[in-house]
Number of protein chains: 2
Amino acid sequence: MTKSSECCNTHNPTPGAVEFVQEKMCPKETLNDLAVTFKILGEPVRIKILHALSIRDLCVCDLSELLEMSHSAISHQLRILRTARMVRFEKNGRRAIYSLNDKHVEIIMQTALAHMLKDGCEIPQGEK
Amino acid sequence: MTKSSECCNTHNPTPGAVEFVQEKMCPKETLNDLAVTFKILGEPVRIKILHALSIRDLCVCDLSELLEMSHSAISHQLRILRTARMVRFEKNGRRAIYSLNDKHVEIIMQTALAHMLKDGCEIPQGEK
DNA sequence: TTAACATATGAACATCTGTTCATATATTAA
DNA sequence: TTAATATATGAACAGATGTTCATATGTTAA
């Protein structure tokens, strides 16, 4: 009797492979959190906001002009970044001066950039 | 005369701030590419596939069982990862054995994980 | 050859998500 | 106070995206 009987689809996985990998995998929650982090970074506007803030603290108005987007759109995105604790802000009069909350995001972006620009854009001719 | 006249919204950016940042920012295309990379990593299923493949090469059937998803759904996601050159595959009989295309993604994931978990976390690493 | 198997893929569908619009809150200037 | 400024946010809309379903392609076994 094969595993086919358990499901509408046929299943003949590589013997032992699934168990082997299962044992060594990070917890599901960790991987989900990781995906959440990347998802937030996976939007051009947000990457640009974070990159800009890594150069200098800026208010909503500055970001709006820099990225040529409405105040509202920027504010909505900043809210997402705030919720994810990637940025924070300080009130200065009627301005909200935004800055990076810590160095993590910056380091992750720099790592990704370095690896993308190294030999990333070319097809690495892996010996097959 | 303020910049308000140029636009429906009012604009009083911090003097010099936008220009200062503009000069130092990475090219727009680079940041967009970066976002594309992160967007692909920003899906739980894809992160799990990549993480699993970092432990061991697997076929579609294995991934299907490991992640408890249909063959079709896995195959669709693998297509996206292939297009992004994050994975490659080798035909073995009627199987398609998938593996990571290079070490970049693995390193980016590890960097993000390390910073998420802060205190030196140990990442289960499959030796090949 | 025929049947079973392994994967790939287009189309339809539902969900998620980012922007716009309108409006609210809060601060400063007149 | 009133007006202008700066930001925040809910609702609605549109576009993007992941899964399912049906089907196609290609491989191996009988």
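Within every chain, numbering begins at 1; the chains are lettered A, B, ... in the order of the sequence lines, protein sequences first and strands thereafter. Keep in mind that what you see is a predicted model, and the values were worked out from it rather than measured. The basis for the numbers below is simple: all heavy atoms, side chains too, and nothing from hydrogens, waters or symmetry mates.
Atoms CZ (Arg79(B)) and P (dA11(C)) sit 12 Å apart, rounded to a whole Å. Rounding to whole angstrom units, NE2 of residue His71(B) and P of dG26(D) are separated by 20 Å. Taking atom CE on Met69(B) and atom P on dT7(C), their separation rounds to 15 Å, with Å as the unit. If you measure from atom NZ of Lys91(A) to atom P of dA26(C), you get 9 Å, rounded to the nearest angstrom. In this structure, Ile74(A) atom CD1 and dA8(D) atom P are separated by 11 Å, rounded to whole Å. Atom P of nucleotide dT7(C) and atom CZ of Arg88(B) are separated by 18 Å, given to the nearest angstrom. In this structure, Asn12(A) atom CG and dA4(C) atom C1' are separated by 10 Å, rounded to whole Å. Taking atom CG of Asn92(B) as the reference point, atom P of dT7(C) lies 10 Å away to the nearest angstrom.
In terms of modelled atom types and a separation under 3.5 Å, the side chain of Ser64(A) and the main chain of Val60(A) share no donor-acceptor contact. Looking at His51(B), its side chain does come within 3.5 Å of a backbone N or O of Cys26(A) through a donor-acceptor pair. When atom types are taken as modelled, the side chain of His104(A) and the backbone of His115(B) share a donor-acceptor pair closer than 3.5 angstrom.
Side chain Ser75(B) to base dT9(C): no donor-acceptor pair is found below 3.5 Å. Between the base of dT9(D) and the side chain of Ser72(A) there is a donor-acceptor pair shorter than 3.5 Å. Between the side chain of His76(A) and the base of dT7(D) there is no donor-acceptor pair of N/O atoms closer than 3.5 Å. Evaluation of atom-type donor-acceptor distances gives no pair under 3.5 Å for the side chain of Ser70(B) against the base of dC21(D).
Counting any heavy atom pair closer than 4.0 Å across all strands shown, Leu78(B) reaches no nucleic acid atom. At the heavy-atom level, Ala96(B) lies under 4.0 Å from the strands shown only through sugar-phosphate atoms. Ile80(B) comes within contact range of the sugar-phosphate backbone alone, with a heavy-atom separation under 4.0 Å but no base atom that close.
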Before you tell me yes or no, could you show the steps for Thr37(A) and Met86(A) under side chain to side chain contact (heavy atoms under 4.5 Å, CB included), namely the whole-Å CA-CA distance, both residues' side-chain angles and the distance that decides it to 0.1 Å?
CA-CA 9 Å; Thr37(A) 300; Met86(A) 291 183 176; 4.0 Å; yes

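Checked against Gln77(A) for a side chain to side chain donor-acceptor pair (under 3.5 Å), the options Arg46(A), Arg82(A), Lys48(A) give a single hit: Arg46(A).
Neither OP1 nor OP2 of dA4(D) sits under 4.0 Å from any side-chain N or O of Arg94(A). For Tyr98(B) and dA8(C), the shortest distance from a side-chain N or O to OP1 or OP2 is below 4.0 Å. The phosphate of dT17(C) (OP1 or OP2) has no side-chain N or O of Gln77(A) nearer than 4.0 angstrom.
One distance of note links CZ of Phe20(A) with CG of Asp62(B); it measures 12.5 Å at 0.5 Å rounding.
In this structure, of dA6(C), dT5(D), dA8(C), it is dA8(C) that holds the atom nearest to the side chain of Arg82(B). Listed candidates were dT17(C), dT5(D), dA8(D). Nearest to the side chain of Lys39(A) is dT17(C). Minimum atom distance to the side chain of Cys61(A) is reached by dT7(D), of the listed dT27(C), dA6(C), dT7(D). Of the candidate nucleotides dA6(C), dT7(D), dT20(D), dA6(C) has the atom lying nearest to any side-chain atom of Arg95(B).
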